[in-house]
Amino acid sequence: SPMWNVFASELRAALASYGAKARLARYLRIPRQRLTDYLTGRRRLPDAELTLRLLHWYAEQRAGRDPSI
């Protein structure tokens, strides 16, 4: 979907630092590979609960806080 594609590109930019993807996957309690599938492979889409958690993480990151630490 177009909105997910825009959000996924924003998430990829936010996950550019070393270890960020692993921390986010741990925070979401999903395998890192599944997170990669959501963001780059686009073979899967997250369910509603996971999307809300991603949005929360992203909003906290933009506010200068990292809930995954």
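Taken to the nearest 0.5 Å, the CG atom of Leu24 stands 7.5 Å off from the CG atom of Leu39. Atoms CG and CZ, on Leu28 and Arg23 in that order, are 12.5 Å from each other to the nearest 0.5 Å. Remark: Ile30 CD1 to Leu50 CG distance equals 5.0 Å, nearest 0.5 Å. Taken from CD in Glu10 to CD in Gln61, the straight-line distance is 12.5 Å, to the nearest 0.5 Å. Between atom CZ of residue Arg53 and atom CG of residue Asp47 there is a gap of 10.0 Å, rounded to the nearest 0.5 Å. To the nearest 0.5 angstrom, Glu60 atom CD is 10.5 Å from Ser68 atom OG.
Put simply, the side chain of Ser9 gets close to the backbone of Val6: a donor and an acceptor are under 3.5 Å apart. Judged by distance alone, the side chain of Arg44 and the main-chain N or O of Arg34 form no donor-acceptor pair under 3.5 Å.
In this structure, Leu54 and Tyr58 have side chains that are not in contact, with every pair of non-hydrogen atoms separated by 4.5 Å or more. Within the 4.5 Å cutoff, no side-chain heavy atoms of Tyr27 are placed close to those of Asp66.
Classification of the Trp4-Tyr38 ring pair by plane angle, with boundaries at 30° and 60°, yields perpendicular.
Residues Ala25 and Leu35 come closest through the heavy atom pair N-CD2, 4.0 Å.
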